[in-house]
Amino acid sequence: MQGKMKRIYLDYNATTPLKPQVYEAMVPYFKELYGNPSSIHWAGQAGKEALMVAREKVANLFHVDPQEVVFTSGGTEANNLALKGVFGVFQKKWQKKGRHIITTQVEHKSILECCDYLKKQGAEISYISVHPNGQIHLEELKAQIRPDTILISVQAANNETGVLMPLKEISDIAQAHNILFHVDAVQMAGKKALFLDELPMDLVSISSHKIYGPKGAGALIIRRALKLEALLHGGNQERKRRGGTENVPAIVGFGTACEWAQKESASEAQRLEELRNKLEEGIFATIPQSLIHGKDSPRVSNTLNVSFKGLEAEGLLLNLDLKGIATSSGSACSSGSLDPSHVLLAMGVSPENALSSIRFSLGYQTQKEDIEFVLEVLPEMVQRLRSLNEACR
Ligand SMILES: *Cc1c(COP(=O)(O)O)cnc(C)c1O
């Protein structure tokens with residue numbers, strides 16, 4: 001590592017650092033408060049108490065009852081529990097409904113690959129397309145609903161572009177047809193208020209490490225004691241909906257992260273929006289042929305996804321990293337070659353432009369100077385990579 005290189009982390013949508021108060025809250029549960037919450041003695045009671053307090057903090061952030069919060073290992077497990085849990089229940093003999101699930105083309109892999117799995121189990125899946133602005137095609141959603149549709153699963157905010165989905169409209173459609181509605185809210189939680197007493201949803205996935213909590217914790221909010229098939233069998237934990245000894249330190253951290261989000265996320269969102277817009281406008285002003293994805297839609301305030309026509313994002317990513325700037329590209333490496341982001345392709349972006357796109361995601365440690373530094377080095381970097389690319393044609 002170069003000794004004094006500036007380190008600028010702009011990949012908060014991938015994961016976030018712990019807030020110091022989150023870390024402090026967790027420490028006792030690694031040391032003296034190690035009891036198993038299922039034990040009836042004094043050591044167990046401390047763990048049980050900690051779970052109760054954390055559950056209340058998570059519930060408060062979303063205006064739900066603590067009993068509706070089921071702790072999981074993270075967003076991926078919450079999404080799996082929602083989809084497989086609903087599907088499992090609807091396959092019971094006494095169920096009259098069917099095996100059709102509706103989702104979108106721009107979901108996180110933990111939804112899409114779960115759907116692939118469920119298809120092998122006999123599920124039928126419809127993938128709703130999105131407009132060029134990244135938002136779901138509501139007319140298509142309505143048209144795809146069938147008498148045997150059991151679940152609609154749509155993300156709250158997209159992890160690559162930050163685009164917000166019209167949750168109210170989707171919720172209304174789901175309710176009108178008496179279909180369960182699941183929301184992957186991992187990228188919206190802690191960034192924008194999501195109150196489930198105002199906006200009806202049946203199932204909501206959240207993840208601790210995306211909101212300044214530790215990795216290894218998350219939750220599925222299950223409204224009104226809805227019945228789900230459990231993924232993990234093996235104990236009475238989480239009211240038999242998720243067996244296994246609870247990850248108490250991580251859950252305590254998760255609760256603290258939710259508490260912090262409730263206090264500060266509104267002002268923080270505004271601060272980040274100003275920085276994000278500064279970055280966006282700076283890029284637009286200094287780098288020709290840069291294309292901002294989701295610009296015309298409501299977005300969470302910390303995310304900027306932009307493509308630089310005529311270069312490959314991976315090269316830019318590496319060059320930024322050499323300057324100490326951590327960002328990401330939406331492309332996925334599969335069998336040694338790069339696949340353009342499925343999200344951008346669904347928005348109608350050309351494969352070439354999709355492969356030239358970079359995601360900047362800002363967070364609580366991001367300062368004005370960081371954005372200024374990026375704007376200082378980026379234009380020259382883009383120009384150099386473009387001319388290199390040109391020379392190799
Ligand atoms: C990160 C992410 C997940 C997965 O959450 P993990 O806690 O990392 O398993 C799911 N959905 C979205 C939109 C995400 O950004």
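Just follow the structure's listing: the first ligand is 1, and inside any ligand the first atom is 1. Residue numbers count from 1 along this sequence. Being a predicted model, the structure only gives us computed values, none of them experimental.
In this structure, Arg359 pairs ionically with Asp11, as a charged nitrogen and a carboxylate oxygen lie closer than 4.0 Å. Salt bridge absent: Lys120 and Asp116 never bring a charged side-chain N and a carboxylate O closer than 4.0 Å. Residues Arg146 and Glu124 are paired through a salt bridge, judged by an N-O separation under 4.0 Å between the basic side chain and the carboxylate.
Annotation: Ser110 places no N or O atom under 3.5 Å from an N or O atom of ligand 1; distance criterion only. Taking any N or O of Val186, backbone or side chain, none lies under 3.5 Å from an N or O belonging to ligand 1. Annotation: Asp184 places an N or O atom under 3.5 Å from an N or O atom of ligand 1; distance criterion only.
Contacts with ligand 1 closer than 4.0 Å are made by side-chain heavy atoms of Asn79 only, the backbone lying farther away. Only the side chain of His209 comes within contact range of ligand 1, with a heavy atom under 4.0 Å; no backbone atom does.
Considering NZ of Lys109 and SG of Cys115, their distance stands at 12.0 Å, rounded to 0.5 Å.
For ligand 1, the atoms closer than 4.0 angstrom to any heavy atom of Gly74 are 7 (O).
Summary of contacts: the protein heavy atom closest to atom 9 (O) of ligand 1 is Thr76 OG1, 2.6 Å. Scanning all protein heavy atoms for the shortest distance to atom 5 (O) of ligand 1 gives Gly75 CA, 3.4 Å.
Ligand 1 is never approached by Gly218 to a heavy-atom distance shorter than 4.0 Å. Under a 4.0 Å heavy-atom criterion, Lys210 is in contact with ligand 1.
Side chain of Glu140 to main chain of Ser129: a donor-acceptor pair is present (N/O by atom type, distance under 3.5 Å, no hydrogens or angles). No donor-acceptor distance shorter than 3.5 angstrom exists from the side chain of Glu198 to the backbone of Phe195, with no hydrogens or angles considered.
Under a 4.5 Å side-chain heavy-atom cut-off, the cluster of Ile, Leu, Val, Met, Phe, Trp and Tyr residues that includes Leu345 has no other member.
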